[in-house]
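Below you'll find the structure, written out as structure tokens, and then a few comments.
In each ligand, atom 1 is the first atom listed, and ligand 1 is the first ligand listed. What you are looking at is a predicted structure, and each value in this text was computed from that prediction instead of being measured.
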Amino acid sequence: MCVNYLFLILSFLILVSKTTGSCHKGHDKYFKYLATKTGYRFIQNDHDNPLQFPDCELTKVWGLVRHGTRLPGDKIISKMKNDLTTLQQEIIDNYSQDKSNLCDISKFKSWTPHFELNREEKSLTMEGQRELLALGKRLRNRFPTLLNQKFDNDTFFFKYTKTQRTQESAFRFVEGLFGREASTEVWYPRSVKQDPILRFYKACEKWRHTVDHNPASFEEQEKFTSSKIYRQTVAAVSRRLGFERNLTAVEIKLMYTTCGFETAWSPGFDSPWCSIFTVKDLEVLEYAEDIDYYWIDGHGYPLTGKIACPAFQDMMNHIGSSSPRHTVFYFTHSGTLLKFLTHLSLYNDSSPLLHNNYAHMRERKWRVSQIDAFGTNLVFANYRCKNNRNHLLTLHQEIPVLLPGCQELLCPLETIQATYRTSLHECEFEQMCKHEGGGKSTGSLREENTDHDEL
Ligand SMILES: *[C@@H]1O[C@H](CO)[C@@H](O)[C@H](O)[C@H]1NC(C)=O
Ligand SMILES: *[C@@H]1O[C@H](CO)[C@@H](O)[C@H](O)[C@H]1NC(C)=O
Ligand SMILES: *[C@@H]1O[C@H](CO)[C@@H](O)[C@H](O)[C@H]1NC(C)=O
Ligand SMILES: *[C@@H]1O[C@H](CO)[C@@H](O)[C@H](O)[C@H]1NC(C)=O
């Protein structure tokens, strides 16, 4: 009798906690913290009115574009099919035994690993196609005098790396510019694996050895994932899902990555893997990603930004050229975009991203969720203004950015030439990339991270 009564109260309390605020619901702005798996729609700039400056005429456009939302690589696909479905079952079991603190399990029950069918790993998804198509249209609207023109092989130039996702991104972007039918006339040069402009770092032995494959580059991230704050995050998520053990950092990362991909792929789909995190968890997970990219593709090592000088020079040569070619767009990868931004000295915080300065770096500029989402783009537009003076407008994610040394968004070309004089006059790529000394081999641990350039 007494036991029954107690049971009734208990059941009632559980019901109350599940229907009121004390059970866990997830955070409604989770999409702001998804790092390099952020879909472009979350950061795109929909204001695409023509950009006009009095007494100025647009003469050149040069753009660098990361491919749109893609599928994961084979390794992650396999983990999502295996490890994650096992975790899913455990999460459901825990819930049914009232061990879990989730409010709602229905999304977990109906979840299955889903990938667009018949597509190879890392290929561009439907959403990725939409991202690039829409980006092409908005840029055409912003720069109508050059981009709202018929395709002409003498005036337009488009190039992609040797991958399906950048090729397809280029095709859709160009469709956004010229329309479907005319887009089929566009000529593209043959893509190469080690493109000196689109993927300069592939040819840089020194960067590969001293940064990309250097265990020290991963130290801060590793230390952060074993720090107290990260372990507390892991413990909190584990308890919430009803696990007695602590999940591993790798398991948490898999859930977070799946949350990112599923959110990027399908507008309107609420991934259950996003709903397990609080905003505090997401901030911690995001910081681990930011640290990672900071040391591999960002300001962590001076060499990383430096080696983008061939691409920077390509931009400046195009801007200053008198050839009839007025528009150039390159379709490439995260590793290229981040190094180029680094080369420009953008998003350079006054302190490095370390395992032990999480709180201090809360307001950091280096945030890959914003600066390196899928479809990330950097566009330079040259305007010839009064007295034939050239001015450069720089758009990152379709928003004008102020380059160092510039007083105004429309920045005199001479100012930029002065700020980046070393890029223009001291870009000895062969020399800065020559690697002397033995190659330090990397531990198997690095499997996950060494393919930044494949993003
Ligand atoms: C387009 O121009 C390139 C040079 O930029 C040339 O090599 C190519 O043959 C041209 N293609 C067509 C179809 O005219
Ligand atoms: C939750 O599920 C896991 C895996 O099945 C199990 O090891 C664990 O004991 C469960 N948690 C609780 C609190 O029963
Ligand atoms: C889980 O991790 C937390 C934080 O590090 C720790 O306090 C706790 O003892 C761990 N729990 C288990 C079951 O290992
Ligand atoms: C970034 O900032 C640091 C510290 O302020 C500075 O030493 C470094 O030269 C800067 N890097 C670039 C590429 O501007």
Side-chain angles (χ1 to χ4, degrees), residues 62 90 94 99 150-160 170 174 178 182-192 197 207 211 223-252 280-281 284 290 293-309 311-312 314 317-318 321 323-330 337-355 357 360-361 364-366 371 401-406 416 418-424 426-427 432:
W62 188 97
E90 293 176 357
N94 285 348
K99 300 286 163 52
K150 266 183 59 144
F151 170 71
D152 179 336
N153 192 38
D154 293 332
T155 56
F156 286 96
F157 185 73
F158 304 96
K159 195 176 189 193
Y160 45 80
V174 156
F178 306 118
S183 73
T184 59
E185 291 165 25
V186 174
W187 176 87
Y188 301 91
R190 206 169 58 88
S191 56
V192 291
I197 306 294
W207 177 79
V211 181
K223 284 184 180 163
F224 184 65
T225 48
S226 44
S227 70
K228 190 168 168 204
I229 180 146
Y230 197 94
R231 280 184 293 115
Q232 283 171 341
T233 302
V234 168
V237 176
S238 309
R239 292 303 86 73
R240 193 174 301 141
L241 298 177
F243 288 88
E244 271 155 17
R245 69 176 177 102
N246 282 330
L247 294 164
T248 64
V250 172
E251 285 169 322
I252 297 280
K280 193 168 153 256
D281 303 334
V284 168
D290 287 343
Y293 289 90
Y294 176 87
W295 291 99
I296 300 293
D297 293 321
H299 295 282
Y301 293 89
L303 182 65
T304 305
K306 270 194 197 144
I307 62 172
C309 63
F312 181 81
D314 187 88
N317 288 342
H318 172 69
S321 139
S323 98
R325 183 184 285 173
H326 57 61
T327 297
V328 170
F329 275 97
Y330 294 134
L337 266 298
L338 286 178
K339 290 180 195 73
F340 201 105
L341 294 169
T342 300
H343 185 86
L344 296 175
S345 303
L346 290 173
Y347 311 111
N348 190 12
D349 295 286
S350 49
S351 316
L353 276 67
L354 303 173
H355 69 282
N357 66 357
H360 178 67
M361 300 306 285
R364 68 191 172 278
K365 299 175 197 157
W366 186 263
I371 67 173
V401 290
L402 197 63
L403 295 182
C406 299
I416 289 170
T419 306
Y420 300 103
R421 60 189 171 277
T422 38
S423 319
L424 296 173
E426 290 166 40
C427 179
M432 68 173 83

Q. Does Asn246, backbone or side chain, put an N or O under 3.5 Å from an N or O of ligand 3?
A.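 Yes - when backbone and side-chain N and O of Asn246 are compared with those of ligand 3, one distance drops under 3.5 Å.
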Q: Return yes or no for this condition: an N or O of Arg245 is under 3.5 Å from an N or O of ligand 3.
A: no
Test your reading of the model: is there a side-chain donor-acceptor pair from [X] to the backbone of [Y], 3.5 Å cut-off?
X      : Y      : answer
Asn357 : Pro352 : yes
Trp366 : Asp290 : yes
His299 : Leu346 : yes

Q: Describe, in one word, how the ring planes of Phe312 and Phe340 are oriented to each other, choosing from parallel (under 30°), tilted (30 to 60°) and perpendicular (over 60°).
A: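 Correct class here is tilted.
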(Q) Can you tell whether the side chains of Asp349 and Lys365 come within less than 4.0 Å, N to carboxylate O? (A)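 Not counted as a salt bridge, because no side-chain N and carboxylate O are separated by less than 4.0 Å.
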Q: Determine, for Asp314 against Lys159, whether the closest basic-nitrogen to carboxylate-oxygen distance falls under 4.0 angstrom.
A: no
For ligand 4, run through the N/O pairs with the protein that fall under 3.5 Å and put one pair on each line.
residue, atom, partner, partner atom, Å
ligand 4, 2 (O), Asn348, OD1, 3.1
ligand 4, 2 (O), Asn348, ND2, 2.3
ligand 4, 11 (N), Asn348, ND2, 2.9
ligand 4, 14 (O), Ser345, OG, 2.8
ligand 4, 14 (O), Asn348, ND2, 3.4

**Q.** Contacting atoms of ligand 3, where contact means under 4.0 angstrom from a heavy atom of Arg231
**A.** 4 (C), 5 (O)
Q: Would you mind running through ligand 1 and noting each atom that sits below 4.0 Å from a heavy atom of Arg325?
A: 5 (O)
Q | Proximity flag Glu244 to ligand 3, non-hydrogen atoms under 4.0 Å | A |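 Right, Glu244 reaches ligand 3.
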Contacts under 3.5 angstrom, residues 230-237 side chains, donor-acceptor by atom type, not counting sequence neighbours:
residue, atom, partner, partner atom, Å
Arg231, NE, Ser226, O, 3.1
Thr233, OG1, Ile229, O, 2.8

Q | Validation row, ring centre Trp62 to ring centre Tyr330 under 6.0 Å | A | yes
